[in-house]
Structure formats: C-alpha cells, structure tokens
2 protein chains.
Amino acid sequence: MAHPSRTEALALREDGFAAAPTSAVPGRLDTLVEHREVALPALKPGQVLIEVIMAPVNPSDLFFIQGSYGQPRVQGQAPGFEGVGRVLASGGGDGADALIGARVAFLGTVSGSWAAHAVGDAALCIPLRDDLRDEDGAALIVNPLTALALLEGVRAAGTDAFILNAAGSQLGRLMLALARDQGLKALTVIRRPDDAEALRGLGAAEVLVSSDPGFATQAGAAIRAHKPRVLLDAVGDQGAADLFFAMPAGTRWVSYGKMSDDAPRLSQIGQLIFMDKRIEGFWLSRWLPAAPPERRAALVAEVQERFATGAWETRIGARLKLTEAVEGILPALARGNGKVMLTP
Amino acid sequence: MAHPSRTEALALREDGFAAAPTSAVPGRLDTLVEHREVALPALKPGQVLIEVIMAPVNPSDLFFIQGSYGQPRVQGQAPGFEGVGRVLASGGGDGADALIGARVAFLGTVSGSWAAHAVGDAALCIPLRDDLRDEDGAALIVNPLTALALLEGVRAAGTDAFILNAAGSQLGRLMLALARDQGLKALTVIRRPDDAEALRGLGAAEVLVSSDPGFATQAGAAIRAHKPRVLLDAVGDQGAADLFFAMPAGTRWVSYGKMSDDAPRLSQIGQLIFMDKRIEGFWLSRWLPAAPPERRAALVAEVQERFATGAWETRIGARLKLTEAVEGILPALARGNGKVMLTP
C-alpha cells in the first residue's frame with residue numbers, strides 16, 4: 001500500500017524554546033500552531049506509520065507548544081505527545097511488522113499526534129485490547145503511567161498518606177482511584193469547591209479548598225491527622241511550598257507539573273537540614289526509559305485492565321476536528337470539564 | 001574522687017524554640033546566655049564526666065542558643081555542641097571506665113561544652129592522639145566529619161566538581177584541602193575578595209566573588225568549564241538558588257547551613273522535572289547515627305591523622321574565658337579571622 005508523505009496537522013509556528021517564562025495555558029493559540037499540511041518523516045526500521053484516530057490535549061502539550069517543555073520545538077512539525085491510531089505500514093523489523101493493522105496507543109516520539117497521520121517508534125506502541133474505547137486508548141500512556149509511577153513513589157517513601165493538589169484534573173482523578181484501591185490516603189487540594197463531591201466519591205480522604213478562608217487551619221488539621229509525607233505537586237506555587245513546610249519530618253515534595261506562574265519561596269529552608277525534607281521532580285520521559293521492560297509491560301497491562309473494567313475512565317470535555325482546533329482548544333479547556341480530544 | 005555536681009558555665013536564658021525566624025548571628029548575646037553556675041546531671045552508665053579544656057563557638061551553636069536549631073533549648077543548661085577535655089569519672093560500663101584519665105573530643109549530647117565541666121556519652125568520645133593540639137581536638141567532630149561526609153556525597157553523585165559558598169569559613173577550608181587531596185574541583189564563592197588568595201592557595205579551582213559586578217558572567221563561565229553537579233550551600237540565599245538553576249542537569253543542591261535571612265525563590269521549578277535536579281539537606285546529627293560504627297571509626301582516624309600531619313589546621317580567631325564570653329563572642333566573630341574558642 002502506498003502511504004502518504006504529507007499529512008494534515010496542527011503545525012508548530014515557532015522553533016526552539018521560549019525566550020521568557022510562559023503560563024500553563026497560553027493566551028492564544030494562533031501564534032503557536034496553524035492548521036496545514038506537513039511532511040511526514042520517512043519510515044526507518046523499527047518505526048511505523050499510524051493513521052491517527054484521536055489525540056488528547058495534555059498540559060504537557062501546552063507547555064511544549066509554548067517552548068517551555070524539556071525538549072525544543074521544531075517549526076513546521078506537529079506537536080502531540082500521545083494518541084490512538086491504526087498502524088498502516090512498517091519501516092521494517094520484526095516488532096514493527098507485527099503491528100501492521102493493529103490499533104495502538106502511541107507516543108509522538110518521531111512525529112506528533114496532532115495530525116491525521118504520525119510516525120511512531122514500534123517499541124513504544126501499545127497494541128490495544130478490543131474492549132478498550134478509543135478515548136481511553138488515546139490517553140493511555142502519559143497520565144496513567146504517571147499516576148502509577150507517582151503512587152509507586154509514595155509507597156516507596158514508606159508513607160500511607162500523601163497530599164495531591166490540582167486533584168480535580170484527569171491525572172488527579174486517576175491517582176485518587178488508584179490510591180483507594182492501594183489503600184493509600186489522598187489529601188486533596190482544589191482551588192474551588194465545585195469538584196469536592198466528585199473527589200469524595202472517588203475516595204479522597206480529605207478535600208481541602210484553597211480559596212476557603214479556613215484553608216490553612218483545615219490543612220493543618222488534616223496534616224496532623226494523617227501525617228502525609230509526600231506532596232504530589234502539579235502547581236508549583238507558594239501554596240505548595242507552604243503545605244510542604246507544614247508537613248512532617250521526612251516529607252518529599254515531588255514536582256511533576258507547573259500550572260502556576262509563581263516562583264515559590266523556600267521560607268524554612270532549615271527544614272531540609274533538620275527535618276530531612278527534600279524537593280525533587282518527576283518526568284515520565286525520564287522514568288519510562290529507566291524502568292525495566294518487564295515492569296513497563298506489567299504497568300501497561302494494568303492500565304488497560306483498569307480502563308477496560310471501568311476502574312479508570314477518561315472524562316471527555318470536548319471532541320474537536322483538527323480544522324476546529326486552533327479556534328476551539330482554549331474555550332474547551334476553559335470549561336474544564338474533561339480531556340479535550342482532537343480528531344482528524 | 002568526689003566530682004562536682006555544679007559547674008561554671010554559660011547558661012541558656014530561654015526555653016524551647018524561637019517564636020520568629022532568627023539570623024545566623026544574634027544581635028546580642030546577653031538575652032540568650034549568662035555566665036553562672038549550673039547543675040551537672042548525675043552520671044548514668046555509659047556516661048563520663050569531663051573537665052573541659054576548650055570548646056568552639058560553631059555556627060550551629062549560634063542557631064541553637066537563638067532557638068533556631070533542630071532541637072529545643074532548656075533554660076539553665078549549658079549550650080555547646082563539642083569540645084575537648086579530660087575524663088574525670090565514669091558512670092560505669094566498660095567503654096566509659098576505660099576513658100578515665102584520657103583526653104577526648106566529646107559531643108554535648110548530655111550537657112553542653114560551654115562550661116568548666118560537662119557530662120558526655122562515652123560512645124561518642126574520641127580519645128585523642130598525643131600529637132594533636134587542644135585547638136584541633138576541640139573542633140574535631142562537627143566541622144571535620146561534616147566536611148568528610150559532604151565530600152563523600154559529592155563523589156557519590158558521580159561528579160568531580162562542586163560549588164562551595166561561604167568557602168572562607170573554617171568548614172569551607174577543611175573541604176578545600178580535602179577536595180584537593182581527593183582530586184575534586186572546588187568552585188568557591190565568597191562575598192568579599194579578601195580571602196581569594198588564601199582559597200587559591202588551598203587549591204580552589206575557581207574563586208568567585210559574589211559582590212563583583214561580573215559575578216554572574218564569571219560563575220556561568222566556571223559552570224560551563226567544570227560542569228559541577230553538587231552545590232554545597234551554607235548560605236541559603238537567592239544567590240544559592242540562582243547558582244543551582246545555572247548548573248547542569250542532574251544537579252543536587254545540598255543545604256547544610258543557613259547564614260542568610262533570605263527566603264530564596266524557586267524561579268525555575270521546571271528544572272526539577274526536566275533536568276532531574278533536586279534540593280535536600282544535610283545534618284551531621286542525622287548522618288552520624290546512620291553511619292556504620294566502623295565507617296565512623298575510620299573517618300575519626302582520618303580526621304586525627306589530617307590534623308596531626310598538618311593537612312588540616314584549625315585557625316583560631318580568639319580565645320575567651322567563660323567570664324569574658326557574653327561580652328566577647330560577638331566582637332570576636334565580627335573579626336571573622338578564625339574559630340572563637342572558649343576556655344574555663
């Protein structure tokens with residue numbers, strides 16, 4: 001079968017990194033990406049050509065297209081870190097050839113997923129069970145593996161309680177469901193009370209609303225009651241730092257996202273010395289290659305099982321055609337009611 | 001031999017912790033300590049009574065007497081974390097009995113060293129070689145073991161270069177001499193140029209003066225040239241944070257002191273995620289009990305050998321009688337020309 005050398009995509013308009021710090025959500029998209037045809041890279045051995053079915057807009061994508069992620073942009077290429085699609089062709093190699101015709105979750109490691117076609121590494125493609133929805137397959141890798149890896153870190157820290165901010169996010173909800181099943185207590189922090197009931201339903205041990213005037217008192221009481229020793233932080237603001245300094249000796253602050261523009265102050269740096277606290281980061285792109293292949297395979301099987309059985313669910317906020325995306329992504333994100341999915 | 005139940009000391013005037021953050025050096029001493037007689041605790045098995053010869057004023061002592069250290073003050077007791085003295089009596093137990101008559105370096109774990117007599121744990125006493133000066137014996141534990149442990153951490157991080165601020169301090173100088181002998185490159189940061197020649201003489205790979213207008217440029221060039229991946233930080237100010245964010249991927253910021261009142265901002269927290277950087281603390285009081293006894297014994301032997309052979313030297317800035325200390329300590333510290341020693 002002849003396969004396309006060009007495809008429809010959202011193409012990056014800028015190269016490299018941002019000159020200045022950016023926000024979690026850009027003010028406008030049309031200066032960053034445009035809907036047009038882009039060249040597809042030629043298939044190399046170990047790579048596959050994928051007809052994209054659906055691709056999510058993840059927070060990490062928004063950092064990347066603004067030039068604030070851990071790797072530089074290339075003008076004219078499609079962004080998009082993950083997606084679901086069907087394998088059309090292989091660049092050769094046993095692993096790649098075996099995938100032809102399969103529906104797979106894939107990573108945008110060769111070309112991005114915000115496109116009608118993408119080239120992916122066969123070794124990073126995950127053939128999907130038939131009982132898995134496209135919506136779950138599209139968001140199968142970045143958030144779910146991050147959730148599993150972060151909670152593995154909580155257990156490794158020897159604590160049965162942790163604090164989770166931005167807990168209403170898709171990733172936050174995955175972690176809540178997982179924590180409940182693993183017997184871990186999640187102390188959740190959200191900005192507005194809207195999601196409180198939903199988070200309690202997902203098993204949150206505490207729901208703390210940071211806009212509440214009694215927040216500091218309530219957080220202090222929750223910390224004394226549950227003694228959480230890991231802070232899973234997707235925000236990176238002064239509120240995260242204040243929680244960290246209110247937590248017990250031995251606490252680890254694990255930064256895995258940066259939704260706030262704050263530069264938090266280390267007001268009690270002596271706690272690092274006297275209370276054995278530390279501050280570190282988590283990045284799936286570093287964790288994944290370092291994990292043993294059999295461990296990765298077990299986690300991927302667990303992820304599919306959880307979605308197939310309904311233990312996890314990907315909430316969909318909007319479905320947008322690529323032609324509607326430049327106009328539609330920011331309004332859909334602003335509604336904040338689930339993952340925004342792009343379809344060719 | 002009858003031994004005293006009371007002794008001359010500098011006694012703490014306050015209990016517990018400070019109500020508000022304090023400075024590295026207090027504004028006045030007479031509100032914190034007073035020269036008077038204090039009760040000595042009764043000797044228990046495993047403890048020894050020590051006639052104090054000399055005790056240093058360490059930065060950690062200054063934090064402690066202000067109520068800003070990792071353990072609370074007890075009013076009426078003597079502070080002083082370490083000293084040198086002669087063992088007068090034992091509370092029983094083989095280890096303690098064997099020390100009677102010996103000159104030892106000791107830790108103020110039962111009663112403080114800023115006194116004419118102190119009670120110490122026999123297991124933490126280090127019998128001294130005859131060729132060691134009292135001055136070196138008095139400051140044998142806190143700074144030297146911290147220096148050895150911190151440089152062990154540098155080597156464990158797999159880097160051959162590190163940045164060291166407050167490099168002109170007694171501890172800084174110990175680390176410089178050690179780094180040279182261990183083949184590690186020390187990039188030193190000092191506030192004023194006065195000590196630059198001395199630090200070069202001690203083998204500093206770079207001497208960066210933070211008050212110099214060209215500091216940021218020079219620091220950037222030194223970081224590019226040597227790629228240091230550990231920041232040994234005794235200051236805890238924005239300058240330390242800025243160096244951390246200018247250092248390469250994988251850098252560890254190790255806070256072991258807090259000489260500045262700054263609350264540094266984490267202006268680029270994304271580096272923790274994407275560049276695998278982390279921030280942690282070091283406290284000898286946690287490290288020491290966790291180290292295997294044979295490792296501690298080997299380090300203590302190394303410390304004595306280094307002082308006896310002149311590889312290390314304790315610079316003495318002033319010797320003060322306990323009767324002169326309340327008036328004399330702060331002016332002597334302000335001269336900044338070496339360790340201030342107290343003698344009964």
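These numbers were taken from a predicted model, which means no experiment stands behind them.
Using a 30° and 60° split on the angle between ring planes, B/Phe64 and B/Phe81 fall in the tilted class, from 30° to 60°.
When every heavy atom of A/Gly27 is checked against every heavy atom of A/Leu330, the shortest pair comes out as O-CD1, 3.6 Å. Scanning all heavy atoms of the two residues, the minimum distance from A/Ser113 to A/Gly83 falls at CB-N, 4.1 Å.
In terms of non-hydrogen atom pairs under 4.5 Å with chain A, the most contact-rich of B/Gly236, B/Gly257, B/Pro264 is B/Pro264. Between chain A and the residues B/Val254, B/Asp262, B/Leu272, B/Ile273, the largest count of heavy-atom pairs under 4.5 Å involves B/Ile273.
For A/Ser68, the part sitting under 4.5 Å from any heavy atom of chain B is the backbone (N, CA, C, O) and nothing else. Both the backbone and the side chain of A/Tyr69 come within less than 4.5 Å of a heavy atom of chain B.
In this structure, B/Lys258 is not positioned above the aromatic face of B/Phe63 in the sense of NZ or CZ being under 6.0 Å from the six-membered ring centre and within 45° of the axis.
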